[in-house]
Amino acid sequence: MRGIPLPVIHPEFMLEPVLDDLGAGREAIGLGRPRGKGLDARHGTVLSLEDISVSFDGFKALDALDLYIALGELRCIIGPNGAGKTTLMDVITGKTRPTTGSAWFGDTLDLTRMSEVQIAQAGIGRKFQKPTVFEALTVHENLELALKTDKSVWASLAARLDDSQRQRIDEVLATLRLLPMAHRQAGLLSHGQKQFLEIGMLLVQEPRLLLLDEPVAGMTDAETEFTAELFKGLAGKHSLMVVEHDMGFVGSIADHVTVLHQGSVLAQGSLAQVQEDYRVIEVYLGR
């Protein structure tokens with residue numbers, strides 16, 4: 001077996017354990033494996049962060065941060081540049097390990113002990129500010145790749161969509177108003193449409209918690225308005241954490257807002273409440 005050259009596969013496509021010499025499987029390094037039991041969130045909280053601190057060479061990017069997000073909640077996170085918003089999402093997704101503190105997904109999953117892959121498979125999806133789609137593939141093919149299926153090399157080569165998978169993709173395309181573009185090359189989409197496609201690539205994975213980083217940056221007014229409608233429609237079925245600077249957009253979607261400053265929670269409440277907080281005005285809104 002050692003003398004047979006193996007095909008070179010980009011890590012993004014190695015979505016299941018690969019057997020080494022027919023021995024033990026290595027940990028998967030991508031999405032795709034079906035999850036085990038459903039998320040245990042009997043107390044109604046999908047995310048619990050307590051006393052989270054992250055230090056980089058003595059600089060505290062997060063400082064004793066506490067954050068709780070309820071099942072089905074749409075939470076907006078705002079704050080000035082350098083407040084710790086990106087580091088917060090890095091901790092939740094396992095990209096960055098906290099120096100101190102605890103992070104729980106539901107009641108039983110300790111995020112600090114899970115890999116990025118395990119966290120994604122457990123049901124946390126993240127969308128970055130810049131859309132990352134496969135531009136050479138069609139819209140439909142992008143969603144096919146994102147489906148929760150066996151992504152081992154041989155399974156992928158022989159893969160065929162079943163009726164339920166086709167229906168799921170069509171439902172997501174219709175929700176995102178991309179059905180007429182299903183067979184269009186993703187690279188030909190507008191910036192806003194690429195943003196919607198990437199959201200669709202998360203939705204077909206059926207996440208319980210969506211992390212969305214400045215989702216309306218660069219969008220037209222009409223696209224921004226549709227995104228607000230979309231997020232309000234997703235809330236309840238999913239929990240959403242939206243990091244955004246567009247206060248008009250935040251005001252159109254958020255029931256609850258958390259303001260970060262210097263790595264800590266500065267204020268929380270409705271948008272009206274935080275807008276009236278003199279500390280928030282001083283460090284963020286007043287600028």
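Across all their heavy atoms, Glu223 and Ser190 have their closest contact at OE2-OG, 3.5 Å.
At a threshold of 4.5 Å between side-chain heavy atoms, the hydrophobic network of Ile, Leu, Val, Met, Phe, Trp and Tyr places Ile169 and Leu234 in one connected group. Under a hydrophobic-cluster definition in which Ile, Leu, Val, Met, Phe, Trp and Tyr are linked whenever side-chain heavy atoms come within less than 4.5 Å, directly or via other members, Leu109 and Tyr68 are assigned to different clusters. Side-chain heavy atoms closer than 4.5 Å link hydrophobic residues (I, L, V, M, F, W, Y) into clusters, and following such links, even through other members, never connects Phe59 to Val91. Residues Leu88 and Trp104 do not share a hydrophobic cluster, clusters being chains of Ile/Leu/Val/Met/Phe/Trp/Tyr side chains in contact below 4.5 Å.
Without hydrogens or angle criteria, Asp66 side chain to Asp51 main chain gives a donor-acceptor distance under 3.5 Å. Counting only distance, with no hydrogens or angles, the side chain of Ser264 and the backbone of Asp63 share a donor-acceptor pair below 3.5 Å. Using a distance-only test at 3.5 Å, with no hydrogens or angles considered, no donor-acceptor pair links the side chain of Glu282 to the main chain of Arg279. Remark: side-chain polar atoms of Lys85 are paired, donor with acceptor, to backbone N or O of Pro80 under 3.5 angstrom.
For the residue pair Gln193 and Arg184, no side-chain donor N or O sits within less than 3.5 Å of a side-chain acceptor on the partner. Gln268 and Thr258 are linked by a side-chain donor-acceptor pair at a separation below 3.5 angstrom, with hydrogens and angles left out of the test. Inspection of the Lys127 and Gln195 side chains reveals an N or O donor paired with an N or O acceptor under 3.5 Å.
Within a 6.0 Å radius of CD in Glu225, other residues, nucleotides and ligands contribute 12 heavy atoms or fewer. No more than 12 heavy atoms of other residues, nucleotides or ligands lie within 6.0 Å of CG in Asp221, so this atom counts as exposed by the packing criterion. More than 12 heavy atoms of other residues, nucleotides or ligands sit less than 6.0 Å from atom CZ of Phe56.
A salt bridge does not link Lys130 with Glu198: none of the charged nitrogens is closer than 4.0 Å to a carboxylate oxygen.
Here the side chains of Ser239 and Arg208 are not in contact, with every heavy-atom distance at 4.5 Å or above. Contact check for His245 versus Asn81: side-chain heavy atoms found under the 4.5 Å cut-off.
For the atom pair OG (Ser252) and CG (Leu271), the distance works out to 10.0 Å, reported to the nearest 0.5 Å. Residue Thr99 holds its OG1 atom at 9.5 Å from CD1 of Ile52, rounded to the nearest 0.5 Å. Note that SG of Cys76 and CD1 of Ile253 are 3.5 Å apart. Values are rounded to the nearest 0.5 Å. Atom CD in Glu244 sits 8.0 Å away from atom OG1 in Thr224 (nearest 0.5 Å). Taking CG of Leu210 as the reference point, atom NE2 of His238 lies at 6.0 Å (rounded to 0.5 Å). Distance check: Leu49 CG to Ser102 OG gives 8.0 Å after rounding to the nearest 0.5 Å.
Using a 30° and 60° split on the angle between ring planes, Phe196 and Phe226 fall in the perpendicular class, above 60°.
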- prompt: What do the steps show when you test Asp255 against Lys232 for salt bridge (Lys or Arg N to Asp or Glu O under 4.0 Å), and what is the final call?
  reply: CA-CA 10 Å; Asp255 293 323; Lys232 288 187 288 186; over 6 Å; no
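Results of the side-chain contact (heavy atoms from CB on, under 4.5 Å) test with Leu143 over Leu197, Asp170, Leu176 single out Leu197 as the only residue that passes.
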